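Worksheet for the structure shown next.
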Amino acid sequence: FSGGTLCDEALAVAGAALGPIASNLPFDPSWPRLDASGPGALGRSLAGVGHAMVDLGDDTLTVGRAHPMIDSSLRLEALAGAAADERVRVVLLDVVLGHGAHPDPAAELGPAIEAALATAVEGGSAWGGRVLDVVVSLVGTHDDPQDTAGQALRLAGAGAHVLASNAAATRLAVALATGTSGSADEGTS
């Protein structure tokens with residue numbers, strides 16, 4: 001996630017279905033806490049956990065760089081890492097539009113999503129690739145300068161499930177991760 005508020009909401013929604021989720025946010029003090037003292041520490045702390053949600057906008061991860069709503073580099077690295085990790089079934093991410101956000105997030109995220117999905121298909125077990133789904137919570141309005149509808153179309157064209165509600169995106173990600181009911185097209189923009 002590029003921001004803590006949406007990550008916090010997703011933790012609440014997913015936690016109700018999945019139980020404790022590792023995170024660098026103090027959502028529930030009894031849940032596993034990820035070390036976000038820097039990108040390297042974060043990567044090491046993710047190695048041994050099950051479900052995890054990361055606020056990439058945490059102050060410790062943005063030292064010397066722009067916020068991830070503007071600078072996609074941390075999220076692009078995280079997406080590539082998740083795609084290469086055979087334990088990962090679903091990647092849930094937020095894309096926040098508006099003034100002060102990246103001028104065209106789909107320009108960077110679209111190719112990264114395509115690459116992540118290709119990595120999953122090419123990797124996997126001896127029987128072939130694995131299934132990876134990318135679910136995007138697209139937060140914006142029709143008045144945002146990034147063209148919300150166009151961003152949704154481009155992200156969906158890259159292979160992501162795009163929803164306009166963070167809670168709905170989280171519920172879809174949980175359903176995909178657990179193999180429970182929920183259509184991949186449910187609420188897709």
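By convention here, the first residue in the shown sequence is residue 1. Here the structure is a predicted model, which is why all the values come from computation and not from measurement.
In this structure, Glu114 contributes its side chain and Gly159 its backbone to no donor-acceptor pair below 3.5 Å. A donor-acceptor contact shorter than 3.5 Å links the side chain of Asn166 to the backbone of Leu6. For Thr170 (side chain) and Ala14 (main-chain N/O), no donor-acceptor pair under 3.5 Å exists by modelled atom type. With His67 contributing its side chain and Ser2 its backbone, the two residues share a donor-acceptor pair below 3.5 Å. The main-chain N or O of Gly40 is found under 3.5 Å from a side-chain atom of Arg44 such that the two form a donor-acceptor pair. Gln151 places a side-chain N or O within 3.5 Å of a backbone atom of Ala106 that can act as its donor or acceptor partner. Remark: side-chain polar atoms of Arg75 are paired, donor with acceptor, to backbone N or O of Asp94 under 3.5 angstrom.
Residues passing the side chain to side chain contact (heavy atoms under 4.5 Å, CB included) test with Asp35 are Ser37, Ala41, Ser45, sequence neighbours excluded. Residues satisfying the salt bridge (charged side-chain N to carboxylate O under 4.0 Å, His left out) criterion with Asp85, sequence neighbours excluded, are Arg87.
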task = For side-chain contact (heavy atoms from CB on, under 4.5 Å), just list the numbers for Ile113 and Val91, CA-CA rounded to whole Å, side-chain angles, deciding distance to a tenth of an Å, and then say yes or no.
result = CA-CA 10 Å; Ile113 290 167; Val91 174; over 6 Å; no
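Residues Val13 and Leu172 are members of separate hydrophobic clusters, defined by side-chain heavy-atom contacts under 4.5 angstrom among Ile, Leu, Val, Met, Phe, Trp and Tyr.
Residue Leu25 is tested with Thr5, Val54, Asp55 for a side-chain contact (heavy atoms from CB on, under 4.5 Å); the sole match is Asp55.
For the pair Arg130/Val88, a side-chain contact is recorded, criterion being any heavy-atom separation below 4.5 Å from C-beta on. Counting heavy atoms from C-beta outward, Leu76 and Leu109 have side chains that approach closer than 4.5 Å. Side chains of Arg154 and Asp104 form a contact here, defined as non-hydrogen atoms less than 4.5 Å apart. The side-chain heavy atoms of Ile21 and Phe27, taken from C-beta on, include no pair separated by under 4.5 Å.
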